Structures are given as structure tokens and as C-alpha cells.
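As the structure is a computational prediction, the values presented were derived from the model and not from experiment. All chains are named by letter (A, B, ...) in the order of the sequence lines, taking the proteins before the strands, and each is independently numbered beginning at 1.
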Amino acid sequence: MEDNAKNKPLEEKKESTNYNPQEVESRWYQYWIEHNLFHSEPDDVNDRGELKEPFTVVIPPPNVTGVLHMGHVLNETIQDILVRRARLEGKNACWVPGTDHASIATEAKVIKRLKEQGINKSDLTREQFLKHAWDWTDEHGGIILKQLRKLGCSCDWERTAFTMDETRSKAVIKVFCDLYKKGLIYKGLRMVNWDPERQTALSDEEVIYHEEHSKFYYLRYKVAEAGVTNPATGADYAVVATTRPETIFGDIAVCINPKEEKNQWLRGKHVIVPGVGREIPIIEDRYVEIGFGTGCLKVTPAHDVNDYALGQKYDLKTIDIFTADAHLNMDTVEEELQANVRKYHGMERFECRKQIVEDLQAMGLVEKVEDYDNKVGYSERTNVPIEPRLSLQWFLKMQHFADIALPPVMNDEIVFYPAKYKNTYKNWLENIKDWCISRQLWWGHRIPAYYDRALLEQTGLEDYPTDKIIVSETAPEGDYVQDEGALDTWFSSWLWPISLFDGIDKPGNKEISYYYPTSDLVTGPDIIFFWVARMIMAGYEYTGKMPFKHVYFTGIVRDKLGRKMSKSLGNSPDPLDLIERYGADGVRMGILLSAPAGNDILYDDSLCEQGRNFCNKIWNCFRMLKGLQRADVDAPMTDREAVTWFTLCLCKAEKEVDDLMKKYRLSEALMAVYKLFTDEFSGWYLEMIKPAYGSPIAQKTYDCSMLFFERMLRLLHPFMPFITEELYHSLREREDGDTIMREDTMEWDSEALLAQDKDGAFQQEIEHLKQVVAGVRNIRAQHNISPREEMTLLSPAPLSELVNKLTHSKVEVGGERPAMVATFIVGTDEYAVPLNQFIDVEAERKKLEADLAHQQGFLRGVEAKLNNEKFMAHAKAEVIDMERKKQHDAHERIAAIEARLKALNG
RNA sequence: GGGCGUUUAGCUCAGCUGGUUUAGAGCAUCUGCCCUACAAGCAGAGGGUCCGCGGUUCGAAUCCGUGAACGCCCACCA
């Protein structure tokens with residue numbers, strides 16, 4: 001993988017001059033913790049005695065049993081950048097960490113582990129099971145938070161919370177009771193998404209639909225009335241097409257569209273469910289789409305949402321033929337039909353599908369089987385096909401919440417980055433459905449609803465009168481039974497920004513008043529409905545305010561082929577391993593480099609490599625500067641020019657980074673710093689001020705350079721916290737406890753500094769100079785002239801001494817042109833370098849002619865505009881002036897090229 | 001079936017309300033270099049019909065229309 005081909009073999013290398021991140025990183029993280037630098041308290045004041053502005057971020061709590069993956073690296077790095085930058089700006093930054101109990105995922109893991117120990121969940125009481133779950137949480141919980149430290153995350157660890165700790169649980173229960181009191185929570189028998197693996201209801205958002213290649217089975221339903229046949233075919237049966245033949249045991253009717261001509265003969269008749277023998281009526285409803293399938297729809301109210309609706313409309317009974325784990329339950333089928341169906345009892349649903357089709361085929365009741373693509377819903381967590389199932393669940397009415405949560409996003413009180421997610425958000429809220437909040441799980445917040453034991457035994461759960469249910473934060477006196485269900489995990493997550501500051505239980509307390517609304521939320525767009533939207537709802541409902549001001553949606557981290565990272569593909573690198581190899585700073589830079597908000601990242605190790613290389617570059621710049629001998633002498637003119645120029649570069653870059661950060665264009669901000677450091681500082685500035693071998697540098701120049709360095713470290717610190725802290729302390733002696741993280745109080749007025757070169761004339765001069773240097777270097781490269789060999793540069797005008805220094809040449813103004821020269825043009829000036837060798841006249845001429853053609857083409861374009869009356873009449877004056885300048889410059893360049901060509905020919 | 005988004009160099013992307021020397025960056029590629037900070041480096045070079053078509057305009061990568069390809073979200077066609 002490593003391309004060492006052109007690298008020097010290791011053994012030949014001099015002593016290593018590479019930056020070693022591992023030692024540095026662990027040392028500084030420990031220092032930060034020891035000095036409590038991440039901790040925040042309300043009403044903190046700065047050195048000037050002013051109250052600091054709060055800047056709050058709450059972490060999207062990772063699953064308590066989770067381990068760090070690349071998605072976390074991206075997400076947490078972005079949060080850390082925002083938080084660290086806020087600290088440098090003098091804000092009181094508070095990043096609150098924590099974990100999520102993730103009820104369904106964690107319960108699954110616990111069950112799996114118990115199974116490995118030979119224990120079945122069903123053998124345990126609720127209390128026993130919860131004991132195991134808590135053990136697991138204590139054991140594995142928080143591993144991920146430790147891993148975040150390796151990444152450099154500056155969370156306020158003293159505030160670490162858990163969605164099921166005491167404060168958070170209290171908030172959840174309180175909110176449930178409150179919403180129940182407000183009439184927004186109700187209990188009802190509804191068709192829900194049932195996960196047969198975990199045996200719990202799921203919300204609509206937890207179902208993921210996949211396109212699937214399946215079969216369309218055409219089944220024959222014999223007409224019960226004797227002698228009635230299809231006039232078109234003579235058949236004495238109706239044909240019903242279905243993708244789920246195993247549900248025919250629950251068929252209650254066959255529905256046709258009253259307008260569909262070809263099925264008119266079935267009106268008012270009855271048919272026999274094939275293989276089952278149940279006689280069911282033909283009903284009519286316009287819901288059935290004309291022209292689709294056979295126009296005959298089997299109605300199975302217990303196992304399909306639409307059929308359920310039809311069942312309600314026509315008052316049909318329901319026969320639920322599945323057990324909770326999606327095996328066939330024939331006990332619900334009528335006694336007189338048992339002989340036909342008993343053999344299917346206890347079969348798994350897909351096995352039964354095969355079997356029933358086989359059996360019906362044997363009976364000649366299958367007309368045909370076609371290939372068919374349809375969508376099947378899968379459980380987000382267990383990845384098992386969900387089963388629509390009628391069950392008693394708790395729901396939250398959502399219209400009210402949609403009404404309060406939509407406007408603030410649409411009018412940008414809460415700003416989404418990127419803004420396109422506003423549409424997604426709007427769409428969901430405008431088609432909101434009630435939220436199924438109960439789960440048939442034990443690991444989670446138990447629903448605070450109580451049933452009178454005596455009454456319950458009398459009525460059973462389904463018929464228990466709703467008005468007799470007691471919803472209360474504490475168990476009522478007397479003989480009551482608590483609801484067995486737990487709440488959807490998101491029913492606690494949606495309170496997170498409030499409950500972290502105990503704002504539900506103690507509204508208006510000091511913490512919530514200070515830290516809330518939080519500043520930025522960083523999360524993936526995949527949980528915009530699950531989490532973001534619902535936090536906004538809870539925020540307005542319980543504080544009257546938005547929960548956060550900005551939402552930054554990250555992309556998905558993919559491999560470089562664009563595939564999602566997954567364990568099975570083995571394309572997901574272990575972040576800790578990457579940190580080991582490239583350093584946390586390197587990994588942070590790598591993951592951020594190609595990550596504009598909302599864009600997927602095609603991750604490749606080479607990105608981290610670039611990050612590591614950059615660290616090394618910074619490290620070596622520092623070594624070079626620090627190693628210079630200093631002397632108390634006047635700085636030469638070249639130093640002063642270099643310092644002035646770089647001051648301007650730095651100020652411009654600071655402004656640019658500031659601007660980009662305000663727009664949350666983090667990768668571009670980092671790139672701006674990267675270019676400032678590698679190109680301008682290291683490539684140009686250091687070469688400009690580097691003293692001759694063995695000579696010292698002027699103290700003044702040295703001090704300025706160190707100042708530049710420190711300012712660049714500050715710019716870079718949010719992105720690369722470790723190396724910047726290390727070098728901050730290496731620049732000069734610092735007091736114990738000092739840190740780069742403190743507010744920037746350096747005397748540095750970038751506006752005033754930039755004003756010194758308001759029209760940019762000086763910067764232009766240096767840019768011109770850089771091009772001249774490049775021109776000379778180019779000639780050296782083309783003619784194989786060693787950088788050590790001194791040359792003469794013939795210039796039309798005097799040039800700064802910097803040119804001599806950077807090109808190792810003597811500049812002569814004007815002067816005679818010898819026969820053998822190489823030339824180049826910068827702007828409209830022609831420069832020449834006399835050569836001690838013959839030049840390839842043909843090659844030179846060809847190049848010049850190509851350039852000439854290009855310039856002439858350019859000129860034609862410009863002149864076409866200037867000769868166009870309409871252009872002259874419509875275009876703005878500045879534009880016309882610009883075109884005139886272009887014309888003038890092009891003429892000059894053409895003249896120079898022609899003169900040179902003439903000299904070459906003559 | 002609706003909605004949204006994307007399409008610019010080999011790759012990943014900038015290019016804001018049309019005009020800034022006939023399109024920029026980083027990476028990758030090629031050539032030449034171990035010169036006393038850095039070969040995890042330095043210097044230089046090459047590379048684009050701005051998805052197609054039509055329109056608006058003096059002027060379009062940029063605005064409008066249309067077609068295509070890809071991606072995402074939502075939706076109960078069995």
C-alpha cells in the first residue's frame with residue numbers, strides 16, 4: 001500500500017525529523033483534564049470582568065454499548081471544532097457528553113449475550129433481566145466516551161449524562177404525564193408495525209422499505225353460488241392476486257371496484273377461500289384500482305393496513321393468524337375449518353408461504369405465479385420484515401407539535417446547514433402521523449400507567465376502560481398493576497437539550513437559563529425525523545424556545561468506492577487504529593478535508609496521510625525557526641518586505657477563515673489555513689527571511705515570525721488541537737495551566753493592518769515578484785541549470801532584492817540582450833535570462849507561436865466586445881474599462897512576443 | 001407515484017445576486033532534484049465541449065425551459 005519506491009530507504013535516512021503525535025497527544029489530553037479546561041459553569045467572566053457569552057453543544061448521544069466508528073469521528077470532530085473555536089472567541093463553551101440507552105438495540109444485545117450463557121429472556125423476571133442489562137451497561141457503557149478522548153474531544157466530562165439516569169428518567173416520566181393530562185397521549189388498538197424478532201411495536205420511522213424481487217400469486221377463489229361463472233372465460237372462480245398467500249387464513253372478503261366491468265358478474269356473490277374453505281362475501285369499494293392485477297383484492301383486516309381500513313368501513317371481523325413471533329396460529333380459525341388448516345399451525349410465516357402455495361398448486365387452485373417487484377418494510381434495528389399487526393399501543397398526537405415546529409425552521413430562526421433539508425423537514429411535518437411511543441420491551445423508561453388489578457382481571461387489557469387508567473409519576477395507592485410497556489428511546493432523546501440541564505423538572509433553573517437554547521447541533525440527516533424534528537417540538541412545548549440555533553447535517557462516511565461502511569464488507573477502518581497510525585490531528589484533518597456540510601465523504605487513508613504530512617510540515621517549520629541563530633541587528637530590507645507581506649496574508653486568511661466558519665464551511669476553512677501555512681508561510685515567507693548559511697537572523701524578524709506562528713496555531717487549533725497546543729508551549733515559556741485554548745487577547749488589529757495596503761498595491765507587487773521567481777525557476781528546470789549556479793536576470797524595471805535572494809541571480813535593469821537568452825512574460829513585462837548554452841531555437845519558436853496565437857485569440861475576443869455597439873451601450877463602465885485594459889495588455893504582450901520572435905529569426 | 005438534490009480536471013469539490021486577462025483548489029499523475037526545517041519534502045509541467053439540447057442577454061458554468069444519468073427523502077397499489 002505504501003508507496004516507498006521513490007522514498008529514501010529508511011536506513012539511509014538521517015536521524016528522524018518526523019513529528020511523533022502519540023506521545024504529544026496523550027500528554028496534552030491529560031494536561032487539559034488535570035487543569036479542568038473543558039469544564040464550564042454558568043455566568044463565567046473573562047479577564048476584563050465581562051460576562052462570557054454561552055456556547056452550548058449537546059452531543060448526539062451514542063448508544064451506550066456502541067464503539068467508535070468513522071461516522072462518529074466525523075460528527076464529533078465537527079462538534080469539537082465548533083466548541084474549540086468558540087472558546088478561542090472568548091465564549092463560555094460547554095459541550096455536554098452522554099450516552100443513549102437505545103432500548104431496542106441494547107435489549108437485543110443483552111438477550112444475545114444471555115442466550116450465549118444459556119439463559120432465555122422468557123425465563124427471567126423483568127427485574128432479573130434489568131439487572132443483567134444494567135450490568136452490561138456498567139461494563140461496556142461509556143467505552144465510546146473514552147474513545148472520544150483519543151480523538152481530542154473537549155467535552156465537559158463532569159456533565160456526562162445517560163438517557164436513563166435519574167434526572168433524565170424523571171424528565172421523561174414527567175413529560176409523559178403532562179402530555180397525557182393535556183390529552184395529547186392516548187391508548188388505542190391500532191394497526192402498528194410489528195417487529196416479530198424483538199416482538200415489539202415500532203414507529204413508522206423505524207421501518208425501512210426495500211425493493212424486493214418477489215412473486216405475485218394468482219389464486220382461484222371458487223364461487224359459492226352454484227352455476228355462476230365468469231362470462232368471459234367460463235370459469236367458476238374469481239382470481240385474486242396476492243404477494244402474501246400465507247395470509248389467506250385471515251381472509252374475510254374479496255373486494256372489487258364497482259366500476260370495473262369485467263368483475264360485474266361477482267357482485268353480491270360469495271367465494272370460497274382456497275385451501276381454507278371459508279365462505280366470504282364479495283364487497284365493493286372504489287379503493288380497488290381498476291386495471292391492476294385481476295381487480296379482485298383479498299381483504300385480510302388483521303394483517304394489512306388498508307384491509308384494516310376496509311374492515312372498519314364495512315364492519316368486517318378480524319382473524320389474527322400470526323403469533324407475536326410471526327408463526328402461524330390456527331387457533332383463531334373457525335372450528336369447522338380446522339381440518340383444512342391445522343397442518344399449518346406453528347409454521348414460520350415464510351415457510352408457510354411455500355407450503356400453502358405448493359398445496360394449492362396440488363389442488364389446482366393456483367392460476368399462475370409471476371415475478372413481481374414490491375417494497376417490503378424491514379425493522380430498522382433487527383432487519384426482519386415487519387408484520388402489520390393490530391395491537392394496543394400508546395400514541396402521541398402529533399398535529400399540535402407539527403404546528404409549533406414548522407414555522408421556526410421555515411423562517412430560519414433555526415438554520416439548517418445545508419438548507420435543502422428544510423424541504424425534507426417541511427414535507428414530513430405537513431404529513432405528520434401520530435407517534436407510536438410504546439414498545440414491548442423492558443430496557444427503557446416504563447410507561448407510568450396503572451391498572452386496577454381486580455378490574456383488569458375482570459376485563460382483560462383490551463377491554464379495560466380507558467377512563468380507569470391512572471397515569472401518574474408515582475405509583476397510586478392500592479392494588480394496581482403498572483403497564484408492561486416501555487417508551488420509545490426517542491421519547492427520551494427528544495428532551496435531551498432540556499433534560500441535560502434539568503430543565504423539565506426544574507424549569508427556569510440557573511443552568512437551563514444560561515445554557516439553553518443551545519448553539520449548534522451536529523448530526524446526520526438520517527435522524528432528522530427521529531430526533532431533530534422532535535427536539536424542536538419538545539423545545540417549544542417545554543421551554544417556549546428553540547432547542548438550538550443551527551443544525552449542521554453531516555454526510556455519510558463511505559469508502560472510496562462510494563459504498564457505505566459496514567462490518568460485512570470489511571471496509572470500515574477502526575478509528576483508534578487510524579489515530580495510532582496518523583495521529584488524532586491527522587485523522588481529524590483527513591476526515592474533514594472533503595466534508596462540506598451534507599456531502600458524503602469518500603474516505604480513503606490517503607486523506608489521513610495528508611493530515612499527518614501537514615502535521616509534519618508544521619513541526620519542521622517550527623524546528624527550522626527555533627533553530628535559527630539570532631542577533632540584535634537591523635533587519636534587512638528584504639526581511640521587512642517579507643514581514644509586511646506576510647502580515648497582510650495572515651490578516652486576509654484570518655478574515656477568510658472567520659467568514660467560512662460563520663457559514664459552517666469547515667473544510668474550506670481548514671483548507672485556507674493549510675494553504676496559508678504550506679504555500680505562503682513555508683513556501684515563500686520562510687525562504688524570504690532565511691538567512692545565509694551560518695548567519696544569524698535579526699531578532700526583530702525572528703520575533704515577528706514567532707508571532708505569525710502563534711497566530712497560525714490559533715487559527716489551526718480547533719482543527720488540530722494537539723500539535724497546536726504542543727507548539728504553543730514550545731514557542732516560548734508558558735505558565736503552568738496556560739493553554740492555547742484561552743481567549744485571543746493578543747494585540748493584533750487585522751483591520752488596521754490590512755488598511756496599510758488598502759489598494760493592495762504592495763501585495764500585487766509581491767505577487768508579481770513571485771511570478772518572476774517562478775519564471776526563473778522554470779528556466780532553470782527547462783535548461784537543467786542547477787539552483788546553485790548564479791544567473792543574471794534582465795528586467796525592464798528595478799526589482800526587490802527578494803528576487804535575487806529567491807532565484808540566486810543578479811538582476812540587471814535594461815541592458816543589452818545577448819543572443820542566447822530565455823525569456824518569459826509576467827503581466828506585460830518581459831524578462832530575460834542569458835544562457836551559456838545554445839537554446840533550442842525551434843522549440844522556443846514553437847512555444848512563442850503557441851503563446852502568440854493564444855494572446856491573439858484572447859485579443860479578438862476582447863475586441864469583439866469593444867466593437868459591439870450593444871455591449872458598449874449596455875455594459876457597466878467598470879466592465880468596459882476592464883475590457884480596455886485587457887486590450888491594452890494583450891497588445892503589449894503580443895508586441896513583446898513578436899519582438900522576441902523577430903530576434904530569434906534574425 | 002410525488003418531492004428534493006447532484007452533474008465543472010483522473011478523484012473529491014469551490015465557483016454567492018450573469019462580466020475580474022478566454023474556468024479554480026486539494027489530492028493524484030508526469031519530469032527534475034537528498035540544496036544545511038521537512039523525500040511525510042522541494043521545483044516545474046500536463047490535464048476541462050463546465051451532462052445534452054433549446055432559449056433569454058451585448059455577454060451564460062452561472063438565469064429560464066427541456067431531455068438524460070445518478071443520488072436521497074416521502075407514499076398503503078394488493
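If Phe622(A) and Lys420(A) are placed on RNA chain B by their nearest nucleotide, the residue sitting closer to the 5' end is Lys420(A). Residue-to-nucleotide proximity on RNA chain B shows that, of Ala890(A) and Gln782(A), the 5′-proximal contact is made by Ala890(A).
Residue contacts shown for Ala309(A) are absent, as no nucleic acid heavy atom lies under 4.0 Å away. Heavy atoms of Lys375(A) sit under 4.0 angstrom from at least one base atom. Here Lys690(A) lies in heavy-atom contact (under 4.0 Å) with a base. Within the nucleic acid shown, Asp889(A) comes within 4.0 Å of at least one base atom, counting heavy atoms only. Contacts of Leu602(A) with the nucleic acid, taken as non-hydrogen atoms under 4.0 Å apart, involve only primed sugar atoms and P, OP1 or OP2. Backbone-only engagement by Asn599(A) is indicated by non-hydrogen atom pairs under 4.0 Å involving sugar-phosphate atoms exclusively. Arg893(A) comes within contact range of at least one nucleobase, with a heavy-atom separation under 4.0 Å. Within the nucleic acid shown, Glu205(A) has no heavy atom closer than 4.0 Å to any nucleic acid atom. When heavy atoms are screened at a 4.0 angstrom cut-off, Tyr372(A) is found touching the sugar-phosphate backbone but no base atom. Among the protein residues, Val862(A) comes within range of no part of the nucleic acid, since none of its heavy atoms lies under 4.0 Å from any strand. Within the nucleic acid shown, Ser667(A) has no heavy atom closer than 4.0 Å to any nucleic acid atom.
Between the P atom of A78(B) and the CD1 atom of Ile290(A) lies a distance of 18 Å, rounded to the nearest Å. For the pair His808(A) NE2 and C42(B) P, the interatomic distance rounds to 21 Å; values are reported in whole Å. Taking atom CZ on Phe216(A) and atom P on C77(B), their separation rounds to 12 Å, with Å as the unit. Atoms CD (Glu430(A)) and P (C4(B)) sit 12 Å apart, rounded to a whole Å.
For Gln610(A), whose side chain is taken as the heavy atoms from C-beta onward, the closest listed nucleotide among A78(B), C27(B), U21(B) is C27(B).
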Report task. Might you work through the side-chain contact (heavy atoms from CB on, under 4.5 Å) test for Arg190(A) and Leu390(A), ending with a clear yes or no? Result -> CA-CA 5 Å; Arg190(A) 297 294 136 95; Leu390(A) 207 51; 5.8 Å; no
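The side chain of Asn431(A) places no N or O atom within less than 4.0 Å of a non-bridging phosphate oxygen (OP1 or OP2) of A75(B). The side chain of Lys886(A) places no N or O atom within less than 4.0 Å of a non-bridging phosphate oxygen (OP1 or OP2) of U22(B).
Under the 3.5 Å distance criterion, the side-chain polar atoms of Lys259(A) are left unmatched by any main-chain donor or acceptor of Arg286(A). Within the 3.5 Å criterion, the main-chain N or O of Asn616(A) finds a donor-acceptor partner in the side chain of Asn620(A).
Between Tyr582(A) and Met589(A), every side-chain heavy-atom pair lies at or beyond the 4.5 Å cut-off. Looking at heavy atoms from C-beta onward, Tyr221(A) lies in side-chain contact with Asp251(A) at the 4.5 angstrom threshold.
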